[in-house]
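Here the structure is laid out as structure tokens; the discussion comes afterwards.
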Amino acid sequence: MASVASPVIFKEFCPLYYLLNAIPTKVQKGFRSILVYLTALDTNGDYIAVGSSIGMLYLYCRHLNQMKKYNFEGKCESITFVKLLSCFDDLVAVGTASGRVAVFQLVSSLPGRNKQLRRFDVAGIHKSSITALAWSPNGMKLFSGDDKGKIVYSALDLDQGICNSSLVLEEPSSIVQLDYNQKVLLVSTLQRTLLFYTEEKSVKQVGTQPRK
């Protein structure tokens, strides 16, 4: 006998005013008042990360109901992508419109966890807007893609405070999505989707026809 499907219940969720009210709509830069636009978003069970057009990352802790702010030093530029990871430590990777990528290792109140905010920079490889970021489950690998088709692999040693980065793949069109699992990186571009095997450094295309 075929089982009867349970009815679908629609539920309406109200805007997160407690989150939006903690982010300014304008900031003052000298004599100028600059509008703040929200440009990137990622969530998990612990945090809501919001990137902005002024280069400020707003990180809302769901357990403590607290908003914290993180920024890049120097030039104020739009954040284009954020990616959270909750493993032994809480990490958030941030990409900008000029190709800067930074990783923040967050402070935790739990015993044995990180007690000091640390930042790692992926320096000098990307020269254009970051369009995708992907973590390995243990937080030791970060992959970043940009709108010129470059994909960079960054190896993080959180204990030693070291981040080593290298260019691993270059596509002829913009990267639109990255996902990593079990030594395989799934890459989607404007033209095709492929599997990049990180150990063998080989590529296998998914499908045969290019995207229109």
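- Following chains of ILVMFWY side-chain contacts shorter than 4.5 Å, one cannot reach Leu142 starting from Tyr180, and the two form parts of different hydrophobic clusters.
- Enclosure of atom CD in Glu170 by more than 12 non-hydrogen atoms of other residues, nucleotides or ligands within 6.0 angstrom is indicated.
- Residues Gln105 and Leu158 form a side-chain contact, since some pair of their non-hydrogen atoms from C-beta on lies under 4.5 Å apart.
- Checked by atom type and distance alone, the side chain of Arg100 never pairs as donor or acceptor with a backbone atom of Ile79 at under 3.5 Å.
- Taking each heavy atom of Cys163 and Val122 in turn, the nearest pair found is SG-CG2, 4.2 Å.
- Phe143 and Phe196 have their aromatic ring centers separated by at least 6.0 angstrom.
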Next item on the list: Apply side chain to side chain contact (heavy atoms under 4.5 Å, CB included) to the pair Tyr58 and Ser52, showing each step before the final yes or no.
Entry: CA-CA 8 Å; Tyr58 298 93; Ser52 70; 3.9 Å; yes
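- In summary, the side chains of Tyr47 and Asp42 do not present any donor paired with an acceptor at a separation below 3.5 Å, with no hydrogens or angles considered.
- Within the model, atoms CD1 of Ile125 and NZ of Lys150 stand 8.5 Å from one another, a figure rounded to the nearest 0.5 Å.
- No side-chain donor-acceptor contact under 3.5 Å links Ser174 to the backbone of Gly149.
- For the pair Asn71 and Leu57, the minimum side-chain heavy-atom distance is 4.5 Å or more.
- We find the CD1-CG distance between Ile175 and Asp146 to be 7.0 Å, quoted to the nearest 0.5 Å.
- Between the Glu77 side chain and the Ser98 main chain, a donor and an acceptor come within less than 3.5 Å of each other.
- A heavy-atom distance below 4.5 Å is not found between the side chains of Thr198 and Val184.
- Closest approach of Thr193 and Ser188 over heavy atoms only: OG1-OG, 3.1 Å.
- A donor and an acceptor atom, one from each side chain of Thr189 and Glu171, are nowhere located under 3.5 Å apart.
- Taking each heavy atom of Asp121 and Ala102 in turn, the nearest pair found is OD1-CB, 3.6 Å.
- Contact check for Val206 versus Leu194: no side-chain heavy atoms found under the 4.5 Å cut-off.
- Linking Ile, Leu, Val, Met, Phe, Trp and Tyr residues whenever their side-chain heavy atoms come within less than 4.5 Å places Leu91 and Phe81 in a single cluster.
- Shortest non-hydrogen contact noted between Asp157 and Phe120 is O-CE2, 4.2 Å.
- Taken to the nearest 0.5 Å, the CG atom of Leu19 stands 11.0 Å off from the CG atom of Asn65.
- Using a 4.5 Å heavy-atom cutoff, the side chains of Thr131 and Leu178 are not in contact.
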Notebook entry, point to check: Please walk me through it: do Thr96 and Val101 pass side chain to side chain contact (heavy atoms under 4.5 Å, CB included)?
Noted result: CA-CA 7 Å; Thr96 75; Val101 178; over 6 Å; no
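- Each of Val152 and Met140 belongs to its own hydrophobic cluster when Ile, Leu, Val, Met, Phe, Trp and Tyr are linked at side-chain heavy-atom distances under 4.5 angstrom.
- In terms of hydrophobic clustering, with Ile, Leu, Val, Met, Phe, Trp and Tyr side chains grouped at heavy-atom distances under 4.5 Å, Tyr70 and Val50 are assigned to different clusters.
- Residues Leu133 and Ala93 come closest through the heavy atom pair CD1-O, 3.7 Å.
- Considering CZ of Arg118 and CG of Leu106, their distance stands at 12.0 Å, rounded to 0.5 Å.
- Side chains of Val92 and Val103 form no contact here, defined as non-hydrogen atoms less than 4.5 Å apart.
- Within the model, atoms CD1 of Ile54 and NZ of Lys29 stand 6.5 Å from one another, a figure rounded to the nearest 0.5 Å.
- Remark: the backbone N or O of Gly207 is paired with a side-chain donor or acceptor of Gln205 at under 3.5 angstrom.
- Contact detail for Gly99 and His126: the closest heavy-atom pair is O-CB, 3.2 Å.
- In summary, Lys183 and Glu200 do not engage in a salt bridge, as defined by a charged side-chain N under 4.0 Å from a carboxylate O.
- Taken together through direct or relayed side-chain contacts under 4.5 Å among Ile, Leu, Val, Met, Phe, Trp and Tyr, Val203 and Val187 form part of one hydrophobic cluster.
- Shown here is Lys141, whose NZ atom has more than 12 heavy atoms of other residues, nucleotides or ligands within 6.0 Å.
- Looking at Ser128 and Asp147, their side chains do bring a donor and an acceptor atom within 3.5 Å of each other.
- In this structure the side chain of Trp135 reaches within 4.5 angstrom of the side chain of Leu156, judged on heavy atoms.
- In this structure, OG in Ser86 is found 4.5 Å from CG in Asp46, a value given to the nearest 0.5 Å.
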Next item on the list: Determine, stepwise, if the pair Val27 / Leu35 fulfils side chain to side chain contact (heavy atoms under 4.5 Å, CB included).
Entry: CA-CA 7 Å; Val27 294; Leu35 290 173; over 6 Å; no
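- Within the 4.5 Å cutoff, the side chain of Ser165 has no heavy atoms near those of the Tyr153 side chain.
- Between the side chains of Thr39 and Ser53, no donor-acceptor pair of N or O atoms lies under 3.5 Å.
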